[in-house]
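Presented below is the structure to which this report refers.
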Amino acid sequence: MITLPELPVLLVAGIAYFLLAGLIILIWGRRLSRHGDWLAWSGVLVALGVFAALAGALAEEGYRAWHLGRGWVGSPGETGAIAVGVLEDPVGLAVALIALALTAVAFSSRQLILKEPRPERIYAALSFSTAGVALSWISLTPWLAFIGIGLTVLGGFFALGARWEENGEAALATRFVIQRSGGLILAVFGACGLALSRAGLSWGDPASWSTDAGLVPVDLIGGICLLAGLFVQLQPFPFLGWALTPSGVPTLLRALSTQIFPGLATFAVLIRSGAELERMGLLVPFGWVQLLSVAFAVGAGLFQSQWRMGFGAWLSSAFSITSACLVFSGPANAFSLLVGVALGGTAVAGCASSLGFGGSQSASNRSRALWARILGFAGMATATGLLLFAPAGGFIQWISGAWNDPLVAALFALAIFAHLCLGWKLAWQLSFVKNLVQVPWVSVLSPVLLVLFGLAVAWRGSLTGGAIPGDPDRVAPSAIELFFNGQSATGILEESAFLGASGTFWTSLVVALALGYWLARKARQRKEPQELKGVALFVAEGYRVDRGAERGLKLIARLGGQVVEAIDERVWREWLPRGADFAIRRIAALAMAIDTRLLSGLRLALRKCVDAPAAGLQLIQNGNIQWYIFFAIGSGVLMLLHFMRS
């Protein structure tokens with residue numbers, strides 16, 4: 001029997017095995033049989049066994065959250081110390097199981113993966129991303145969660161890098177990893193700022209996030225940087241350039257590895273630290289910024305001529321909508337939307353990967369093409385609440401929460417309507433496609449698992465997913481209420497507000513269905529995106545953010561070239577050689593002048609010192625007779641004087 005103290009070791013071991021399997025596939029996948037897919041499946045089975053053991057242990061504990069610390073980096077209670085441990089609750093378990101289910105669906109599309117130039121990179125990417133999501137949600141502190149987010153970024157880079165050798169794919173992968181890594185670094189910097197005045201930052205101990213000094217400037221800066229980093233990780237506007245860039249990577253693999261898995265991992269930090277960020281007064285501005293980003297993302301997606309580009313914008317708006325719902329409606333409703341985005345979005349992406357966007361239609365593929373279109377439609381219905389899935393209740397609760405303020409409620413409804421409109425435009429476009437790629441039935445029907453997995457009974461406990469007030473169709477206890485310790489995700493205090501919000505949502509959904517069909521028909525008739533003009537073309541080009549960034553990069557490159565030219569050409573090749581030559585010449589000339597004058601002076605002085613004695617001696621040697629007589633007489637006189645004195 002596995003006990004709670006043993007579970008952290010088991011969890012870490014299971015995640016480590018998944019990571020090790022992905023690493024082995026990445027390094028030696030080309031040498032392994034079937035590119036190592038059997039090793040990837042073994043990671044799924046091991047993780048499934050670990051999560052099953054965890055579910056059993058949590059069930060015995062009444063599905064309560066528990067945490068187990070394993071130590072500290074630094075002294076406990078010391079400012080800036082880091083707690084090490086595991087936090088596990090039903091929410092984290094549910095997200096980990098969702099990530100595992102999505103990975104299993106992707107692995108089941110083996111022929112789709114094998115069509116890639118480097119299939120082993122796809123297997124490694126999904127393994128790293130799944131382990132990263134699980135690691136983010138079991139982390140006791142933000143630091144381990146950041147490592148999990150980093151693993152999902154690495155997985156997205158591997159997925160886009162499967163076509164590294166092709167033109168443009170390497171640049172796309174590079175842009176992705178630069179933007180995501182920048183956001184992650186910014187979030188880590190913000191968490192470090194918060195840790196400067198705290199000890200632990202433990203999600204298992206909410207008191208560790210509070211300080212006696214209150215809100216200090218470093219807390220404000222740290223919180224802003226943390227939210228800004230999470231903002232970039234959720235891929236809102238304006239960081240949509242890489243998401244709107246065409247790529248040869250199949251839609252299912254690209255959506256999972258670059259958008260859905262990083263989004264799931266990022267929400268671990270956002271949901272866990274939401275209460276502290278709200279206390280600091282930063283969460284509400286973050287929600288309004290996310291609502292603003294919905295408008296930009298939807299605008300960029302509605303006028304995209306290519307389906308895959310519009311789908312990337314829709315996923316971005318979906319995560320922005322979910323983030324705003326977390327701020328204004330609470331974690332329970334945000335969690336229901338997060339589940340809908342993950343499951344429904346993957347179902348739509350899987351069906352799109354089964355459908356071809358060109359070529360002839362094979363008669364043998366007509367039935368599979370029909371099923372793919374139906375399931376793609378069902379996937380979007382799952383994500384938007386048309387199937388009475390949990391997102392319907394989440395949207396309604398979100399609007400009803402602001403029903404007393406008509407302006408705010410109208411803004412919420414407008415954001416939801418724009419998001420629904422883009423989603424149904426994509427669903428109708430997908431239903432118009434008649435060609436099918438040669439894939440097996442398991443790839444076509446695998447999204448059924450996601451649709452069934454996301455039924456309202458599994459998450460809301462009611463047949464309508466909380467879309468009817470009063471819970472008259474409740475058939476089981478609400479799983480979301482159980483997950484969030486009694487925070488109700490169904491039922492509303494004011495039934496009139498709920499009815500008004502429900503009518504607003506269903507009206508928006510019906511209008512979005514009709515408007516999406518009209519936009520899809522218009523997009524089908526429009527052959528070239530260049531036909532758009534003015535504001536429409538500006539929006540279709542993603543607000544020309546990429547063009548502005550490209551011009552900025554060119555300007556930086558030009559300035560860099562001028563700096564290089566000035567330093568390399570002028571300084572190194574002209575100014576420094578001329579200066580060195582001038583200095584050497586002047587020093588040599590000065591030394592030569594000093595040497596010449598010094599030698600001349602020494603020669604003259606030596607000559608004067610030698611010439612005088614030499615002249616005297618020469619005079620004595622070569623003197624005339626009179627000089628000898630003079631010296632003789634002089635000597636005689638001196639001797640005479642000497643004797644006379646004595």
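Predicted, not measured: the structure shown is a model, and the values here were computed from it.
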Stepwise, does the side chain to side chain contact (heavy atoms under 4.5 Å, CB included) test hold for Leu326 with Thr322? CA-CA 6 Å; Leu326 172 66; Thr322 307; 6.0 Å; no

Ring geometry between [Y] and [X] (parallel below 30°, tilted from 30 to 60°, perpendicular above 60°):
X	Y	result
Phe412	Phe328	tilted
Phe107	Tyr123	tilted
Phe319	Phe267	tilted
Phe395	His419	tilted

[X] vs [Y] side-chain heavy atoms within contact, under 4.5 Å:
X	Y	result
Ile271	Val91	no
Phe335	Val95	yes
Leu513	Trp428	yes
Val269	Ser136	no
Val298	Phe417	no
Leu234	Ser323	yes

Ignoring hydrogens and angles, tell me if any N or O in the side chain of [X] forms a donor-acceptor pair with the backbone of [Y] under 3.5 Å.
X	Y	value
Arg121	Gly161	yes
Trp424	Val511	no
Trp137	Leu93	no
Ser317	Trp314	yes
Arg180	Thr258	yes
Thr130	Ser127	no

Over all atoms of both residues, closest heavy-atom pair of [X] and [Y]:
X	Y	result
Gln233	Gly183	NE2-C, 3.8 Å
Ala383	Gly344	CB-CA, 4.0 Å
Gly287	Ala324	O-CB, 4.0 Å
Ala173	Leu160	CB-CB, 3.7 Å
Glu116	Val249	OE1-CA, 4.2 Å
Leu422	Gly310	CD2-O, 4.2 Å

What distance do [X] atom [atom1] and [Y] atom [atom2] have between them, rounded to the nearest 0.5 Å?
X	Y	atom1	atom2	value
Leu256	Leu264	CG	CG	9.5 Å
Ser316	Phe311	OG	CZ	10.0 Å
Leu227	Leu283	CG	CG	6.5 Å
Cys421	Leu426	SG	CG	9.5 Å
Leu270	Thr266	CG	OG1	8.5 Å
Ile260	Ile98	CD1	CD1	11.0 Å

Apply side chain to side chain contact (heavy atoms under 4.5 Å, CB included) to the pair Gln290 and Val327, showing each step before the final yes or no. CA-CA 10 Å; Gln290 288 286 9; Val327 175; over 6 Å; no

For Phe128, which of Phe157, Phe18, Phe261, Phe158 qualifies under ring-ring contact (aromatic ring centres under 6.0 Å, His included)?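 Of the listed residues Phe157, Phe18, Phe261, Phe158, the ring-ring contact (aromatic ring centres under 6.0 Å, His included) partner of Phe128 is Phe158.
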
Run Leu172 and Arg254 through side chain to side chain contact (heavy atoms under 4.5 Å, CB included) and show every step you take. CA-CA 12 Å; Leu172 178 62; Arg254 176 172 174 171; 4.1 Å; yes

By side-chain hydrogen bond (donor to acceptor under 3.5 Å, both in side chains) - contacts of Ser129 (at least two apart):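 Expected list: none.
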
Yes or no on side chain to side chain contact (heavy atoms under 4.5 Å, CB included) for Val133 and Leu151, after CA distance, side-chain angles and deciding distance? CA-CA 8 Å; Val133 172; Leu151 288 175; over 6 Å; no

